[in-house]
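Comments concern the structure below.
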Amino acid sequence: MSAELLTVPQAMAVLKVSRWTLYNLIRSGELGSVVVGVRCRRIPQAALNDYVTRLCEEAA
């Protein structure tokens, strides 16, 4: 398995959004994430790609 998991700051940098916005996307279910251990939240690169693809499709 070679799925890349991004930290919250890395995902924030990719989307160029604030921490608050990123967590709102996760809470609303628009952006998938996983919890590793007890408190480590990670965002799969595929989830980020899917989110951006949906945004592009909605804009078209």
Side-chain angles (χ1 to χ4, degrees):
M1 177 181 204
S2 64
E4 184 175 351
L5 297 175
L6 302 174
T7 63
V8 168
Q10 289 171 328
M12 288 167 44
V14 169
L15 294 177
K16 295 178 177 43
V17 297
S18 69
R19 179 178 296 270
W20 187 84
T21 299
L22 188 74
Y23 276 108
N24 274 341
L25 290 171
I26 292 169
R27 262 187 241 104
S28 70
E30 292 182 65
L31 181 62
S33 69
V34 296
V35 177
V36 179
V38 178
R39 296 185 55 157
C40 296
R41 179 149 319 258
R42 298 291 183 260
I43 297 87
Q45 183 67 46
L48 215 52
N49 294 340
D50 292 345
Y51 174 69
V52 172
T53 300
R54 279 195 314 274
L55 288 178
C56 291
E57 288 172 354
E58 290 173 5

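Count residues from 1 along the sequence.
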List the atom pairs, donor and acceptor, that lie under 3.5 Å between side-chain atoms in residues 5-13 and the rest of the protein, sequence neighbours left out.
from	atom 1	to	atom 2	distance (Å)
Thr7	OG1	Gln10	N	3.3
Thr7	OG1	Gln10	OE1	3.3
Gln10	OE1	Thr7	N	2.8

_Arg39: partners by side chain to side chain donor-acceptor pair (under 3.5 Å), with sequence neighbours left out_ = none
Just distance, no hydrogens or angles: give the donor-acceptor pairs under 3.5 Å from side chains in residues 40-53, sequence neighbours left out.
from	atom 1	to	atom 2	distance (Å)
Arg41	NH1	Ser33	OG	2.7
Gln45	NE2	Asn49	OD1	3.2
Asn49	ND2	Gln45	O	3.4
Thr53	OG1	Asn49	O	2.8

*Taking all heavy atoms of Leu25 and all of Ser28, pick out the closest pair and write down the distance.*
O-OG, 3.0 Å
*Any side chain to side chain donor-acceptor pair (under 3.5 Å) pairs touching residues 17-26, not counting sequence neighbours?*
Ser18-Thr21, Asn24-Arg27
*asked:* Count I, L, V, M, F, W, Y as connected when their side-chain heavy atoms are under 4.5 Å apart, and connections chain through other members. Are Ile26 and Leu55 then in the same cluster?
replied: yes
